[in-house]
Amino acid sequence: RVPDHVILSGGLNNRYWVLEVEERPGHKTLTISCSKSLHPTETCLLKDGWEMTPVCCGDVVHMEGHSDSGAWLVDREQGFLVLLPDSLISGTSISSSIRCMRRAVLGDIFDGGSKQMLNGTIVHEVFQRAATAKDFSLETLSKLADQALHSPQYLGDMYTLGVSQEEMKRELHDYLPSLEHWAKEYLSSPAPKTISLKIRAPSRCQDSATVVTVTELADIEENVWSPRFGLKGKIDVTARVRIQRRSHRTLEEKTVPLELKTGKESNSIEHRSQVILYTLMSLERYNPEAGFLLYLKTGNLHPVVPTHMDRRELLKLRNTLVHYIHNCVDKEKKRSRLSRLPDILTNRQTCQYCPQKINCALYERAVDGNSADVSEDVVRDFLQLETGHLTPPHLSYFSHWLLLCCLEAATMEAKNGRKRVWLRTEKNGSCVGNVQLSGPVTIQSEGVFLHRFQRSSAVLQKGLANSGLASGDRIVVSDQEGRLVGLATGYLCEVSRTCVSCTLDRDLSKFSGVLFRLDGDEGVVGLSTHLTNLSRLMENGQDSDRLRELVVDLRPPEFISNLSSVLPREAKDTVANILKGLNKPQKQAMKKVLLSKDYTLIVGMPGTGKTTTICTLVRILHACGFSVLLTSYTHSAVDNILLKLKRFRVGFLRLGQGQKVHPDILPYTEESIRKKGVHTLSDLEQLYNKELVVATTCMGIKHPIFTRRRFDFCIVDEASQISQPICMGPLFYAKRFVLVGDHQQLPPIVQNQEARSLGMDESLFKRLELHSEAVVQLNVQYRMNRQIMSLSNSLMYEGRLECGSERAATALLTLPFLVSVQSELSSYSKTDPQHDLAWIQATLLPSNPVCFLDCSMAGCKPSDIGVIAPYRLQLKSISALLQSSAFTGVEVNTVDRYQGRDKSLIVFSFVKSTAEEGNLGELLKDWRRLNVAITRAKHKLLMVGSATTLRRYAPVEKLLNHLQQENMISLKHMLKLGATTKLFYICNIKSC
DNA sequence: CCTCTGCTGAGAGGA
């Protein structure tokens, strides 16, 4: 009954499964168990308001407090119930839910937030830099403020907002005197400031005047994950304070959270709640009794002393919030639909500046399309104001995709559930435990700290290299006990048998004695970019209106009739020159793009030179003086085009993290250009506007450049592999667009079965293809020889695919050592007639370009050989066989990863061979995947598999029929040994 | 039955 991915446990960090919920007026009883066998069970009585907790059967809960022989009580005075504790909710989300729960839920589903917060961010930064420097003198503060104003990150923000550096500087300098003042008043000063601390503990007297001195600013931006309370957050400042109570003689030293606020000194319930939540989530670290609010405008310090009631109410809010976030879809009779959210507030003061306004209205109309039964005028007016510009088809497109994204997000969440660091043991994941800091921490650059860890000698070695972690992986650092979870994140640099080095975002040198563990961080990636794009598509504005018309209403694309009006006279010769190298369909594609007023779709069948075509297209547009936004889903696809483009002296700016960019493209990245000297806002503006061509991934559209710059064209490569909401992201920023892809190859990956069946794997490319006037087909290919091409033609393209040249059509594999291998094989056959190797001799012949069996390579360069299999495990065992140095360079990969690439010789292992009539896998049922697999080889394609098994897959059956007709199958020699094994065994005899 | 790539964070403020 309990799904595999759920982890239950008893003890302090317990996790219980809810089996039964019994509701009575005034209380609620849960039957729970912390064992996967669901035996024994315990009970939990919820009352005094806790019975309102939206807990359901099948939820996981954490119990706080104590149980009386298996009976828990959570009421006004004692105990907490933490619903779905492994979903960590941020302190700010919870405090924002005080005013509007709906807004907090929407804030979690959609990205978003207003842009008026730059000032606060920089003031924080200055405070934190001063704290690190331990110097709050006006002089230093002013120097630090200047530094911050020129740092890359804030320049980008200023660019976005269109604020000048001078303006920012003036606002910032208003704060500096009060920062200095605060430090003088509180920071280990000779005359410490008196604060009134209200401690409500029964044994203490009320309202005792207390003296608080900050003795040390112990940490800045401390990251806290608290799986016990289901909370997370970043604590502005962790301070050591000395508390001296008048009534007591004692001096107390405490570590407490300090929350900085740049706004009005409101001491509001939201601000105080944030502090209370910080004290709660750092309970295991410091057990702070109190925290402080520091208002930077005035330099005043407000103590916040939480009571049980405060914590109780905030955790109840958290439970409600987590419930809504996790149940955004209802399942009713096997069909999912969007759930209702908490009601719309329609409070003018609160709603006026709400960043979720449009999503709030959109969601309401998505759940309940006609909204005819909205009783309140205010709500109706609000909905009309926010969504009045949208038609019913617009709203149904939005709600349809919102549902799909929620379904998919839920599946991803469930799959990643077990990957949460605090639930993981060293056995079941990529993890290195029991390591200690060794040597000093060195600062590599701002905010990048190089650490070295060593296996503690007490622990028996199995060697760090086998931990499942490799250099370049993202990691999370925690302590071994699980008290300090998620201390830092970063990347692994080197992994040796005994040592690990890594760069982290925080300096952990103060934890020198602590035993750490490093966990691979797969990263839970939500679908917030999808949803943000969808919400943007519904906005009332020029860019959105245009795209909505094309994408949702499917308005036919328009074209102009005459090239001469778009081609500048001075570019004509250059363009003509560039066109010379192209074949007919490629030229057609160029023309269509130039004539388009809306969009063009380029279908690039396998091997037809998509990359070359895109590269040429960019050169032509560039020559005409058009600006181009060049994107694709993956970094490697973007760089593929840029590597070609680079040779033609076309300048471009590459956006994106240096770590993901191809080394040869690095000089074109923003990062590297900035290092050469970008200090002012106008430097940055120049950088962003300099090049006509800008390249990035579809996800990279959060970059500041897109808040201001617009392009004449946007080109999206791999478009048939990108889901609609992601694909439309870059399209907002260009007047016209070009999608390049091939829907006969792999579609976007969708994990959730229901979402897929509802069409989530339909790309924008495919959706728009119904307008055939926008489509150009590239059907002349140069990759495969005639025989290999015939497979794909019979499987998918009905003969439309053509060879571009006789040379490509007849190209065969060259095997320099063929003669000697053949004679060696003959001699084997002679000495041991039992093992006739004639079949291998036949398959070896270059003149048999397609064989459904296998063979070896007699002198083929390892880098010309690709091995493909549909399953990861198979790849693993093939790789294991190829450990010998002779095979370094042979690339072993999945079908999916081979899309877009080719090799001279491809060995494709179908893997499957079962006698039983069992379940068939999904992978081989996909026509498009098979099509990709068979169109990667240029000269020779070897396929290994069990024909009997494979005939059960319709696509493979069609392929096998064709192979049989063409006499390309060697069926006679079924191998007892695994065919692939034998193949590589022979390879080994005659090393390549 | 097991295929895949994107991207950080949480918060910065105002009612």
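Letters A, B, ... are given to chains in the order of the sequence lines, protein chains preceding strands, and every chain is numbered from 1.
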According to side-chain contact (heavy atoms from CB on, under 4.5 Å), who are the partners of [X], at least two apart in sequence or on a separate chain?
X	answer
A:Gln753	A:Arg756, A:Ser757
A:Lys169	A:Asp146, A:Leu149, A:His173
A:Gln751	A:Glu408, A:Thr411, A:Met412, A:Lys415

Nearest-Å distance, [atom1] ([X]) to [atom2] ([N])?
X	N	atom1	atom2	result
A:Asn223	B:dG11	CG	P	9 Å
A:Asn893	B:dC4	CG	P	8 Å
A:Asn267	B:dG14	CG	C1'	16 Å
A:Gln349	B:dA15	CD	P	9 Å
A:Leu161	B:dA12	CG	C1'	11 Å
A:Asp505	B:dA10	CG	P	12 Å
A:Ile726	B:dC4	CD1	P	19 Å
A:Lys702	B:dA10	NZ	P	11 Å

Between [options], which one does the side chain of [X] approach most closely?
X	options	result
A:Thr92	B:dA15, B:dT3, B:dA10	B:dA10
A:Arg99	B:dA15, B:dA10, B:dT5	B:dA15
A:Lys261	B:dA12, B:dC7, B:dT5	B:dA12
A:Glu259	B:dG14, B:dC4, B:dA12	B:dA12
A:Lys234	B:dG9, B:dT3, B:dC7	B:dG9
A:Thr894	B:dT3, B:dA12, B:dG6	B:dT3
A:Asp236	B:dA12, B:dC4, B:dG14	B:dA12

Name the nucleic acid region contacted by [X], choosing base, sugar-phosphate or nothing; use a 4.0 angstrom heavy-atom cut-off, strictly under.
X	result
A:Leu260	sugar-phosphate
A:Ser90	sugar-phosphate
A:Ser266	nothing
A:Glu221	nothing
A:Tyr278	sugar-phosphate

Residue pairs, two or more places apart or on separate chains, that pass salt bridge (charged side-chain N to carboxylate O under 4.0 Å, His left out) and touch residues 742-754 of chain A: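 Passing the test, one end in residues 742-754 of chain A: A:Lys331-A:Glu754.
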Selection residues 88-105 of chain A - residue pairs positive for salt bridge (charged side-chain N to carboxylate O under 4.0 Å, His left out), sequence neighbours left out: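 Listed by first then second residue: A:Arg99-A:Glu270, A:Arg102-A:Glu364.
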Nearest-nucleotide comparison on DNA chain B, the residue closer to the 5′ end among A:Arg103 and A:Gly91: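 On the 5' side of the pair lies A:Gly91.
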5' priority, DNA chain B, between A:Ser268 and A:Leu88 [closest heavy atom]: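 The answer here is A:Leu88.
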Side chain to side chain contact (heavy atoms under 4.5 Å, CB included) assessment of A:Glu891 paired with A:Val867: CA-CA 6 Å; A:Glu891 196 182 328; A:Val867 183; over 6 Å; no
Where the chi angle of B:dG9 falls, syn if within 90° of 0 and anti if not: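 B:dG9: syn.
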Within the structure, does a side-chain N or O atom of [X] lie under 4.0 Å from either OP1 or OP2 of [N]?
X	N	answer
A:His635	B:dC7	yes
A:Lys232	B:dA10	yes
A:Thr697	B:dC7	yes

Pair A:Gln657-A:His635, side chain to side chain donor-acceptor pair (under 3.5 Å): steps then yes or no: CA-CA 10 Å; A:Gln657 277 210 336; A:His635 287 282; over 6 Å; no
Side-chain donor or acceptor of A:Glu671 paired with backbone N/O of A:Gly658 under 3.5 Å: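 Here the side-chain-to-backbone pair exists.
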Backbone N/O of A:Val661 and side chain of A:Asp639: donor-acceptor pair under 3.5 Å: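 Here the side-chain-to-backbone pair does not exist.
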5'-to-3' dot-bracket of DNA chain B (Watson-Crick, G-U; under 3.5 angstrom; crossing pairs as [ ]; | other strand): ...............
